[in-house]
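I have placed the structure first, in the form of structure tokens, so that the comments after it can refer back to it.
Order of the sequence lines sets the chain letters (A, B, ...), proteins ahead of strands, with each chain counted from 1. Atoms considered below: every heavy atom in the structure, side chains included; atoms not considered: hydrogens, waters and symmetry mates.
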Number of protein chains: 2
Amino acid sequence: MAAQALYAELARQLNAIGILRRGLLRALPVDCPSGPAATLSLLHRHGEMRMGRLCELLAIDMSVTSRHVAHAAERGWVERVPDPADRRSRILRLTPAGAVKLTELHDRTAEMFSHRLDGWSDGEVEQLIAMLTRLRDSFGADCRVPLLAHSVPAVSAAVPASVSPAPPELPHDHA
Amino acid sequence: MAAQALYAELARQLNAIGILRRGLLRALPVDCPSGPAATLSLLHRHGEMRMGRLCELLAIDMSVTSRHVAHAAERGWVERVPDPADRRSRILRLTPAGAVKLTELHDRTAEMFSHRLDGWSDGEVEQLIAMLTRLRDSFGADCRVPLLAHSVPAVSAAVPASVSPAPPELPHDHA
DNA sequence: TATTGTTATACTCTATAACTATA
DNA sequence: TATAGTTATAGAGTATAACAATA
């Protein structure tokens, strides 16, 4: 409902968040890139699950998810146990070593944010979170598919290392 | 200043924005991926400039910038004219064809946002923009370098990519 | 010797498609 | 035949390093 100039500015700012994201990803441990990091975070937050479920949460293809999980499994951070209910599936579970790794990632994220957002009040951070949540909801669960009748535009945004796990009490996740 | 759980949630939401971004990028014209799109947008917004300046605005390495520009130049969207003041440099300039291409991208973006953000008031969009702007500023121009406590603050090259004033009438920095 | 820009190489993330093994 | 997951291949984006031309 806003003017084109407003949307243009929003596109610009979302793009800037993408730049910020690249900086955040650079700070990840060399043995744990963003994909595996996101895997650990989601397994911690949602508990054990199957590949399909993880795919939905990551919003990426099964093939990609498979490799991220393999990366984590090779390092002992995740174990894949056969699903007794369907032998085609494997249940993914965070291992103690994975929990340790995740804690490392989490601590880094918290430290980084606490420094960078030093001037922000809790309420302001909460407000930002609320707006980002709403923004994503406005785009819906189908954000991966075309958004217009004919096709779409550009813009770009961000993906923080997806680091940071989170105490299971927090709602909302989609990602 | 906030609790770890709050930072964790912020990281999660920023990550979700990244997922949204992937969907948007998928919809770009096949002949104009995000890198070249960002190049056109910045040349339009800031006017002709040299490679080094564009690097700062994009906040990416010169080598990467060089290829994005080459992509655009091959399609006639950007011209690289010798810099009379320093023959090592080339001045980058948006061509009429590039302006046309940019308009296409711009129109698509505005249309997409107007659909997706149908329920948002102008004030709400403005508020989101303001928070994203502040977020980026909180990370500073040195968002590309280490972000942890022990890391050193960047010294030079204030990356204006973060400042983003808004002179020209058609802002918009896709990508 | 330092700087501007290009090119070569490599790595991460992603997607599509082919393949295995179950249902 | 359909589904869960893996693997092979390819493409975009980025970074580092070596190189070219000019300062």
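Residue R26(B) contributes atom CZ, which lies 17 Å from atom P of dG11(D) at whole-angstrom precision. For the pair I19(A) CD1 and dA15(D) P, the interatomic distance rounds to 11 Å; values are reported in whole Å. Computed from coordinates, the E56(A) CD to dG5(D) P distance equals 11 Å when rounded to whole Å. In this entry the distance linking CZ of R53(B) with P of dG5(C) reads 13 Å, nearest Å. Atom P of nucleotide dC11(C) and atom CD1 of I60(B) are separated by 20 Å, given to the nearest angstrom. As rounded to whole Å, 16 Å separates atom C1' of dT16(D) from atom CZ of R22(A). To the nearest angstrom, C1' of dT14(D) lies 14 Å from CG of L25(B). Look at CD1 on I91(A): it is 12 Å from C1' on dA4(D), rounded to the nearest Å.
The phosphate of dT14(C) (OP1 or OP2) has a side-chain N or O of H68(A) nearer than 4.0 angstrom. OP1 and OP2 of dG5(D) both lie 4.0 Å or more from every side-chain N or O belonging to R90(A). A close approach under 4.0 Å does not occur between any side-chain nitrogen or oxygen of H71(A) and OP1 or OP2 of dT12(C). Distances shown here put a side-chain N or O of R87(B) below 4.0 Å from the OP1 or OP2 atom of dA23(D). Residue T65(B) places no side-chain N or O under 4.0 Å from the OP1 or OP2 atom of dG5(C). Residue S66(A) places at least one side-chain N or O closer than 4.0 Å to OP1 or OP2 of dT6(D).
Hydrophobic clustering of Ile, Leu, Val, Met, Phe, Trp and Tyr side chains at less than 4.5 Å, counting indirect connections, keeps I91(B) apart from M51(B).
Contacts of D86(A) with the nucleic acid, taken as non-hydrogen atoms under 4.0 Å apart, involve only primed sugar atoms and P, OP1 or OP2. Residue contacts for R80(A): at a heavy-atom cut-off of 4.0 Å it reaches the sugar-phosphate backbone alone, with no base atom in range. M51(B) comes within 4.0 angstrom of the backbone, heavy atoms only, and of no base.
Ring pair F139(A)/F113(B) is perpendicular by interplanar angle, where above 60° counts as perpendicular and below 30° as parallel.
Put simply, the side chain of R67(B) and the base of dT14(D) share a donor and an acceptor less than 3.5 Å apart.
Side-chain atoms of E124(B) come within 3.5 Å of backbone atoms of S121(B) as a donor-acceptor pair (strictly under, hydrogens ignored).
Using a cutoff of 4.0 Å between basic side-chain nitrogens and carboxylate oxygens, R90(B) and D83(B) are not scored as salt-bridged. With respect to R108(B) and E111(B), no salt bridge is recorded, no charged nitrogen being found less than 4.0 Å from a carboxylate O.
Listed candidates were dG5(D), dC13(C), dT4(C). Nearest to the side chain of R50(B) is dT4(C). Closest to the side chain of D61(A), out of dA4(D), dT16(C), dT14(C), is dT16(C).
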Requested in this report: Show your working on side chain to side chain donor-acceptor pair (under 3.5 Å) between T95(A) and W77(A) and close with a plain yes or no.
Outcome: CA-CA 5 Å; T95(A) 65; W77(A) 301 332; over 6 Å; no
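Each of R88(A) and S63(A) was matched to the nucleotide of DNA chain C holding its nearest heavy atom; the match closer to the 5' end belongs to S63(A).
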